[in-house]
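Quick note: residue numbers are just sequence positions, from 1. Being a predicted model, the structure only gives us computed values, none of them experimental.
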Amino acid sequence: MEQAKKKKQFSILPKNKTTEEKVSGLICIAPAFILLTIFVLVPLVMAIWRSFYYYESGPVDSYFVGFENYKAILKNEIFLKSLGNVLLMALCIVSFQVIGSFIFASILVKVRNKFTVFVRVIIYLPYLFSGIVVGCIFTLLTTYNGGFINGLITLFDGEPISFQMDKFWAYLSIIVPTLWVGMGYTTLVFYSGLINIPNDYLEAASVDGAGYFTKLFSIILPSLKNYFVLIIVTLVTGNLQMFEIPMMMTNGLPLNMTMTPVLYLVHLRSNGNVSESQIIAASILIMLSVGAINAIVFSLTNRKDKDERRVKKHG
């Protein structure tokens, strides 16, 4: 018995507790880091490297061209137009979705009965559908000949709407399905934030005579600041890379007015009119654009936090 107790337990971890925690932590994150390196970092470095070369028939026939691929894609009028298109649509979608989701979440918080769970499930369901499925659903609604919406219009002797050929309706046919897909997710994120605001704050403000808008701008919105940042960054990142819904609904029509950068790159890849190196360079430009916008959002929020801390410190 005594000999068994004296036997030392074998362990690959160091005996020092602090070092043991560091080593165990590194072991835990090692699989994720290895996978991230293999499937993200290495392909990214290879893509950046290839964007500075021109490939004719393979790596053997490649030669260094510097920033020529970037210059060529930035001179492409359709690509620049697609950037403007996606920025406009992303601005509309993010604005409507953030405001609409917050209002809907505020209503859900007030409704506390047996139907609340049912409503939360229903509004979240569209988020589970892929962009292709959503595009198919709304294509059946907006088709010029035989679509449900145009069928109702012609039933009352109206003129059918060409959703692909009219600029306003083409934009709307992309914005509405995108809002329908994402509204449930953002609503539930805001809902989780609203129910976590302590009721003591709101009750104390009510006792002091504060109205709804005073509580909104002094308590509710500041408490949800991190939720707003999360949702805005997520929506901006996703919508700047939108592809499935624009492809299914308009495919860039009319006259490339609803063309998005990712959709345009797919067209270039399928047509073969542009070298793959230029397509890679365009992909990197899209990545940099998304990163720059997210960096601006984070810098604005961090600056506001620093200003608030400075005011509290000197106050």
Undergrad: Can you say whether the rings of Y185 and Y127 are parallel (under 30°), tilted (30 to 60°) or perpendicular (over 60°)?
TA: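 Parallel: the ring planes of Y185 and Y127 meet at under 30°.
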Undergrad: Over all heavy atoms of both residues, which pair between A170 and T258 is shortest? Give the atoms and the distance, please.
TA: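 Smallest heavy-atom distance, with atoms named: CB-CG2, 3.7 Å.
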Undergrad: Applying ring pair (Phe, Tyr, Trp, His ring centres under 6.0 Å) as the test, list every pair that has at least one member in residues 137-157; sequence neighbours left out.
TA: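 Found F138-W180.
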Undergrad: Going hydrophobic residue to hydrophobic residue with side-chain gaps under 4.5 angstrom, can you get from I99 over to V176?
TA: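 I99 does not cluster with V176.
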Undergrad: Of the non-hydrogen atoms in I219 and A205, which two are nearest, and what is the gap between them?
TA: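 The pair with the smallest heavy-atom distance is CD1-CB, 3.7 Å.
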Undergrad: Would a distance-only check, ignoring hydrogens and angles, find a side-chain to backbone donor-acceptor pair under 3.5 Å from T187 to A105?
TA: no
Undergrad: Any side-chain heavy atom of L224 sitting closer than 4.5 Å to one from L194?
TA: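 Sidechains of L194 and L224: in contact.
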Undergrad: Going by heavy atoms in the side chains, are N251 and L263 under 4.5 Å from each other?
TA: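 Result yes, sub-4.5 Å side-chain heavy-atom pair found.
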Undergrad: Side chains of L221 and L216, heavy atoms from C-beta outward: is any pair under 4.5 Å?
TA: yes
Undergrad: Taking C-beta and beyond as the side chain, do T250 and S173 meet within less than 4.5 Å on heavy atoms?
TA: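 T250 reaches S173 side chain to side chain.
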Undergrad: Taking a hydrophobic cluster as the set of Ile, Leu, Val, Met, Phe, Trp and Tyr residues connected by side-chain heavy atoms closer than 4.5 Å, whether directly or through intermediates, do L255 and L88 fall within one such cluster?
TA: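 No, separate clusters.
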Undergrad: Please confirm whether the backbone N or O of L235 pairs with a side-chain atom of Q97, one donor and one acceptor, at under 3.5 Å?
TA: no
Undergrad: Excluding sequence neighbours, so at least two apart, what forms salt bridge (charged side-chain N to carboxylate O under 4.0 Å, His left out) with E68?
TA: K71
Undergrad: Which distance, rounded to the nearest 0.5 Å, do you find between the OG1 of T142 and the CD of Q164?
TA: 7.5 Å
Undergrad: Quick check for you: to the nearest 0.5 Å, what is the distance between L240 atom CG and M287 atom CE?
TA: 13.5 Å
Undergrad: Look at the side-chain heavy atoms of Ile, Leu, Val, Met, Phe, Trp and Tyr, link any pair under 4.5 Å apart, and say whether I78 and V262 land in one connected group.
TA: yes
Undergrad: Output yes when a side-chain donor or acceptor of Y264 lies under 3.5 Å from a complementary backbone atom of L83, and no otherwise.
TA: no
Undergrad: Please examine the side chains of L265 and I286, heavy atoms only from C-beta on, and report whether any two atoms are closer than 4.5 Å.
TA: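 They are in contact (side-chain heavy atoms under 4.5 Å apart), so the answer is yes.
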Undergrad: Looking at every non-hydrogen atom in both residues, tell me the closest pair between M248 and T139 and how far apart they are.
TA: O-OG1, 3.5 Å
Undergrad: What distance do F67 atom CZ and I73 atom CD1 have between them, rounded to the nearest 0.5 Å?
TA: 15.5 Å
Undergrad: Take I153 and E159 through the test side-chain contact (heavy atoms from CB on, under 4.5 Å) and record every step on the way to the result.
TA: CA-CA 7 Å; I153 294 174; E159 186 69 23; 5.6 Å; no
Undergrad: Backbone N or O of S192 within a donor-acceptor pair of the N196 side chain at under 3.5 Å?
TA: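 Yes: the side chain of N196 pairs with the backbone of S192.
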Undergrad: Please report the shortest heavy-atom distance between N85 and M259, naming the atom on each side.
TA: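 Heavy-atom minimum between the residues: ND2-O, 3.1 Å.
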Undergrad: Check whether any side-chain heavy atom of L80 sits under 4.5 Å from a side-chain heavy atom of E77, and report yes or no.
TA: no
Undergrad: Where is the tightest heavy-atom contact between V111 and T116, given as atom of each residue plus distance?
TA: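 Where V111 meets T116 most closely, the heavy atoms are O-OG1, 3.0 Å.
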Undergrad: Has the side chain of S270 got a donor or acceptor atom that lies under 3.5 Å from a matching backbone atom of H267?
TA: yes
Undergrad: Quick one: do Y124 and V119 end up in the same hydrophobic cluster if we chain Ile, Leu, Val, Met, Phe, Trp and Tyr together by side-chain heavy atoms under 4.5 Å apart?
TA: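 Linked, Y124 and V119 end up in one cluster.
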Undergrad: Would D166 and I161 count as a side-chain contact (heavy atoms from CB on, under 4.5 Å) here? Give the steps.
TA: CA-CA 8 Å; D166 185 273; I161 300 172; 5.6 Å; no
Undergrad: Would you compute the distance between atom CE of M242 and atom CD1 of I175 and round it to the nearest 0.5 angstrom?
TA: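 Taking CE in M242 and CD1 in I175, the distance rounds to 8.0 Å.
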Undergrad: Going by atom type alone, with no hydrogens or angles, which donor-acceptor pairs under 3.5 Å involve a side-chain atom of residues 37-53 and a protein atom two or more places apart or on another chain?
TA:
unit_1 : atom_1 : unit_2 : atom_2 : d
T37    : OG1    : F33    : O      : 2.7
R50    : NH2    : E276   : OE1    : 3.3
S51    : OG     : I48    : O      : 2.6
S51    : OG     : Y70    : OH     : 2.7

Undergrad: Using side-chain heavy atoms (C-beta onward) and a distance below 4.5 Å, is L202 in contact with I220?
TA: yes
Undergrad: Look at the rings of Y63 and Y54 and say which category their plane angle falls in: under 30° parallel, 30 to 60° tilted, over 60° perpendicular.
TA: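 Judged by the thresholds at 30° and 60°, the geometry between Y63 and Y54 is tilted.
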Undergrad: Between T260 and I174, does a side-chain contact (heavy atoms from CB on, under 4.5 Å) hold up when you go through it step by step?
TA: CA-CA 11 Å; T260 65; I174 294 174; 6.0 Å; no
Undergrad: Are any non-hydrogen side-chain atoms of T186 and T234 less than 4.5 angstrom apart?
TA: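 A side-chain contact under 4.5 Å is absent here.
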Undergrad: Would you give the length of the straight line joining atom OG of S101 to atom OH of Y227, rounded to the nearest 0.5 angstrom?
TA: 15.0 Å
Undergrad: Under a single-linkage definition using a 4.5 Å side-chain heavy-atom cutoff for Ile, Leu, Val, Met, Phe, Trp and Tyr, are V207 and Y212 assigned to the same hydrophobic cluster?
TA: no
Undergrad: Measure the CE-CE distance between M89 and M257 for me, rounded to the nearest 0.5 Å.
TA: 12.5 Å
Undergrad: Could you walk me through whether T178 and N239 pass side-chain contact (heavy atoms from CB on, under 4.5 Å), step by step?
TA: CA-CA 9 Å; T178 306; N239 288 305; 3.4 Å; yes
Undergrad: Mark yes or no for whether D208, through its side chain, and A210, through its backbone, hold a donor-acceptor pair below 3.5 Å.
TA: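 Here the side-chain-to-backbone pair does not exist.
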Undergrad: How about F213: does its CZ atom have over 12 heavy atoms from other parts shown lying under 6.0 Å from it?
TA: no
Undergrad: Do the side chain of T154 and the main chain of G151 share a donor and acceptor less than 3.5 angstrom apart?
TA: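 Judged by distance alone, yes, a pair lies under 3.5 Å.
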Undergrad: Check A281 against N69 and note the closest heavy-atom contact, atom names and distance.
TA: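 That would be CB-CB, 3.9 Å.
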